[in-house]
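Remember, it's a predicted structure, so these values are computed and weren't measured experimentally. Each residue takes its place number in the sequence, starting with 1.
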Amino acid sequence: MLHLAAGQLEQRVLSGRRVQILQRSKVLQDPAMAKAFGDVVLSLVHTAVKLCRTPSRPNEVFIHEDAEGLLRWWRLGEGVLLQQLLAGMGPEAGTINMIALAHSLLAGLPHLLDAGGFTKQAKDQETGRYLSGLAFGLPWLSTLWRWLAHDVSLPLEAHAEATRGWDIASIAQGIHGLAHHHAIALGVFSRLYAHHLLVLDDHDFHSAQRLFTLGQQRAIATVFNTLIFRTACPVLQVWPQQRQSQAPSVLQSLEAIGSPSCLLQVWAPALLRRLYERDGRRAFCPPALWLAPFRSQFSSCAKVSDQAFNASAVIRALEQRGLGSLSTSSIPVGPAKSSNPAALASLLAIAPQTVPFAQRVEIFRALVAADRASGHWDKVPAEGGPRPLPVVVQRGTVLEGGRRALGAAGTALKGRLAVTFTDAQGLGEAGLDHGGLTKELLEEAAAEGFNADHGLFTATSNGQAYPQPAAVQIPNGLSLLRFLGSIFGKALYDGMLLDYPLAHIFVRILQGHRPLFDELATLDAQLHQSLSQLKQYEGDVADLGLDFTVEDETFGRRTVQELRSGGADVPVTNENKLQYAHLMADWHLNTRLQGPAAAFAEGLAQIIPAAWLRLFSPAEFNQLLSGGEGGGLDMADLEAHTVYSNGYTRSSPAVKSFWKVASSLTVEEISAMLRFVTACRRAPLGGFQHLRPAFCIHQVACSVPALARFGGQDIERLPSASTCFNLLKLPNYRRTSTLKAKLLQAISSSAGFDLS
């Protein structure tokens, strides 16, 4: 058996029975025998894949049978056989040979599955089994990481308090500068660890630190963050030659299976994305880690930075490949070019977190501008643009009226709207829509849609919204959610702020992702904790009396849903408790929310593609939607971008008094004032220059005695606002003290249009 040569595959691969006998024997404890068996396995895989790639009519049946046989015997040996091989070969030889075997199997598996005649579902199952066998069947990922750290000169660990070292010199040229055997090893590691992270929960990651310490996790994140950024934007100057180990002979012949970087190109971005998403839920990396390569690349030369990251240049690079190229998920490895717009466009698709948030917002706005120009949405009919969409809605029923008027508008919502509000008698209000009434329509529709009485949305414990699962039972519930999605898309497209932050998992769904187990904590922390405790339960889970069902309640009616086929008859045991926990989380995160979330996402995607949303984390998306967070309310910036009307100018006494008062307000009072005037308590990202329409102070002339400036009766009227125009209607108060008192009274009582 051990003398089987690669050219003799037609004599049939090792049978499952022989593999089982081999496992029970002690033959693999001999290093030489283990090495010989490993060589046979590798040779078999190489030959099988080569034949599968270039089949000819005479050997099609042979290929089918032997590919299926090879897959079958390997599955019989997963886990135990791997451990025996690794132990028999010894640490160094075992790691190197396992790298070769894993690369061959992972790169060749699609060809073997195709030749074996497996259905798509069977292919997915077989792929999962192979990955689990390699990732969980033996404890070698930590050994592989130590080998990589030593052989490629990578950091083994990274301290959270470090101020430098986040841009690694040994991989400054990205994949271009890697030795082939290093690219192979990093590819195997990224593929298997990305699979491992799907199962490793936050408790094991952060608290138990079962596979890697948090310091090692930071090092892994640093390595792949640098590798991906530097593949797109390499350091081109000659770098001192790093210490290169001689490629082991077993790794020198692997190009027959696939290019050395074939796994790395696809799975390095996937691994980095999963680490970054985990950091977003519960931080283990300093913010400087993700941005260090970018800062290093552009801090030394402003001219290069301006040319390379000019938003228009990046958009032109995207347009040459189609704006949909933002959806790519693998690293494009072409000629090494430093910091050109095309390289940065690729980087935004695979690892947007490596680019500062402000630049990504700039890119998003440039994407919108390019789309608006290509569709002529910004032009009047005389210049080739579409006619404004007429919208007539009755106050008090804006959501339903807007749905009837615009529910089928689709992409036409990108253009101008001609909004008319009517009263209960159907009489239209006077005035033309120059943008202010459109803003009011969006705000009123959103306010109605997010009102708990409508039953369309509910909220997490921190006040972030997501669709009510029972919305599918409400008349027109899904079409209302679809319309609300298009309303949010219109607001993002036109740069209007809506102060309705969305839940983490809901944003993930809108971005096209499928939330996983630990993201349940952002939706229902108590349920997540209970399921996590079940996973770690050391007693007999069968004593808890659980089965694979979940009870659902909709409008007082209770139903039992099965988590798997026949779940009511399947008890939860120690052997299947992990499956139960993940199926339960998936039901709450995806199955239960599928209809309502998909309807909202469909409406949003008519205006804003999901690929554009993936430029941002969920927290960043909420800032894009609702304005910047924290104390970034710069009154000097607001004053610089404020306009005046009805007689007011910058030099008017009341205007000077207003800015004096505004500069003395607390952050909370400024936020309240902004909400009073604009319907949103935050500033737009990038400052008030992006507020649409511009903040305007409108004079309300009132007559008072001239001596009111020095004492006596001043104006009693309160300021008011028209949020649809971001308009503050400010009486011409004579005294600063009166202005401050009246302004605070108005914003604290939410006085509005009816008092003006």
Side-chain angles (χ1 to χ4, degrees), residues 95 139-175 177-178 182 185-186 189-190 192-194 196-197 200-235 239-240 242-243 245 264 267-300 347 351-357 518 521 617 619-620 630:
T95 299
W140 77 300
L141 276 178
S142 56
T143 302
L144 176 56
W145 178 248
R146 287 194 296 273
W147 183 87
L148 282 165
H150 174 267
D151 223 56
V152 193
S153 298
L154 304 174
L156 181 62
E157 295 200 12
H159 296 288
E161 298 79 16
T163 57
R164 58 182 181 176
W166 306 118
D167 188 15
I168 302 170
S170 61
I171 49 176
Q173 294 181 4
I175 292 178
L178 288 175
H182 290 157
L186 281 165
F189 180 86
S190 62
L192 296 182
Y193 192 39
H196 197 104
L197 283 175
L200 193 71
D201 64 27
D202 281 353
H203 174 268
D204 289 341
F205 188 96
H206 288 275
S207 302
Q209 300 182 36
R210 296 188 189 278
L211 185 60
F212 295 111
T213 67
L214 286 182
Q216 290 173 322
Q217 300 284 14
R218 278 188 290 272
I220 294 169
T222 304
V223 166
F224 284 92
N225 192 68
T226 301
L227 183 70
I228 290 171
F229 184 92
R230 290 304 177 190
T231 299
C233 303
V235 175
W239 199 267
Q242 68 180 76
R243 176 182 58 80
S245 62
L264 190 57
W267 290 103
L271 173 57
L272 183 65
R273 190 159 48 247
R274 288 171 190 174
L275 289 169
Y276 177 69
E277 289 167 356
R278 196 174 288 258
D279 183 65
R281 290 197 306 272
R282 183 175 170 185
F284 66 97
C285 295
L289 184 156
W290 310 109
L291 296 175
F294 184 95
R295 304 286 190 208
S296 174
Q297 183 83 356
F298 295 121
S299 61
S300 60
L347 189 64
Q353 74 277 3
T354 62
V355 178
F357 181 41
D518 282 305
S617 69
E620 291 169 341

Output the distance between atom CG (Leu154) and atom CG (Leu148), rounded to the nearest 0.5 Å.
6.5 Å

Any side-chain heavy atom of Thr354 within less than 4.5 Å of one from Ile228?
no

If you define the side chain from C-beta out and look only at heavy atoms, does anything of Leu272 sit under 4.5 Å from Trp290?
yes

Hey, are the side chains of Phe189 and Trp267 touching, using non-hydrogen atoms and a 4.5 Å cut-off?
no

OG/Ser296 to CG/Leu291 distance, rounded to the nearest 0.5 angstrom?
12.0 Å

Side chain to side chain, Arg230 and Ile171, heavy atoms closer than 4.5 Å:
no

From CA spacing to verdict: side chain to side chain contact (heavy atoms under 4.5 Å, CB included), Tyr193, Trp145:
CA-CA 10 Å; Tyr193 192 39; Trp145 178 248; over 6 Å; no

Which residues pass the ring-ring contact (aromatic ring centres under 6.0 Å, His included) test with Trp166, not counting sequence neighbours?
none

Using side-chain heavy atoms (C-beta onward) and a distance below 4.5 Å, is Leu227 in contact with Leu264?
yes

Working for salt bridge (charged side-chain N to carboxylate O under 4.0 Å, His left out), residues Arg295 and Asp167:
CA-CA 9 Å; Arg295 304 286 190 208; Asp167 188 15; over 6 Å; no

Quick check: closest heavy atoms across Leu156 and Gln216, and the distance to 0.1 Å?
O-CG, 3.4 Å

Phe224 versus Leu186: any side-chain heavy-atom pair under 4.5 Å?
yes

List the atom of Ser190, the atom of Leu271, and the distance in Å for their closest heavy-atom pair.
CA-CD2, 3.8 Å

Under the side chain to side chain contact (heavy atoms under 4.5 Å, CB included) rule, what do Gln217 and His206 come out as? Steps first, then yes or no, please.
CA-CA 10 Å; Gln217 300 284 14; His206 288 275; over 6 Å; no

Correct closest heavy-atom pair for Asp279 and Cys285 would be OD1-N, 2.9 Å

When you measure from the centre of the six-membered ring of Phe284, is the NZ or CZ of Arg278 closer than 6.0 Å and no more than 45° off the axis?
no

Using side-chain heavy atoms (C-beta onward) and a distance below 4.5 Å, is Phe205 in contact with Leu214?
yes

Look up atom OG in Ser153 and atom NE2 in His182, then write down how far apart they are to the nearest 0.5 Å.
8.0 Å

Run the salt bridge (charged side-chain N to carboxylate O under 4.0 Å, His left out) check on Arg282 and Asp202 step by step: do they pass?
CA-CA 8 Å; Arg282 183 175 170 185; Asp202 281 353; 5.9 Å; no

To the nearest 0.5 Å, how far apart are CG in Leu197 and CG in Leu211?
8.5 Å

If every non-hydrogen atom of Ala160 is compared with every non-hydrogen atom of Pro286, which pair is closest and at what distance?
O-CG, 3.8 Å

Kindly state each residue pair satisfying salt bridge (Lys or Arg N to Asp or Glu O under 4.0 Å) with at least one member in residues 215-225, sequence neighbours excluded.
none

To the closest 0.5 Å, what do you measure between CZ (Phe357) and CD (Glu620)?
5.0 Å

Is any side-chain heavy atom of Asn225 less than 4.5 Å from a side-chain heavy atom of Tyr276?
no

Once you round to the nearest 0.5 Å, how far does CZ of Arg274 lie from CG of Leu200?
12.5 Å

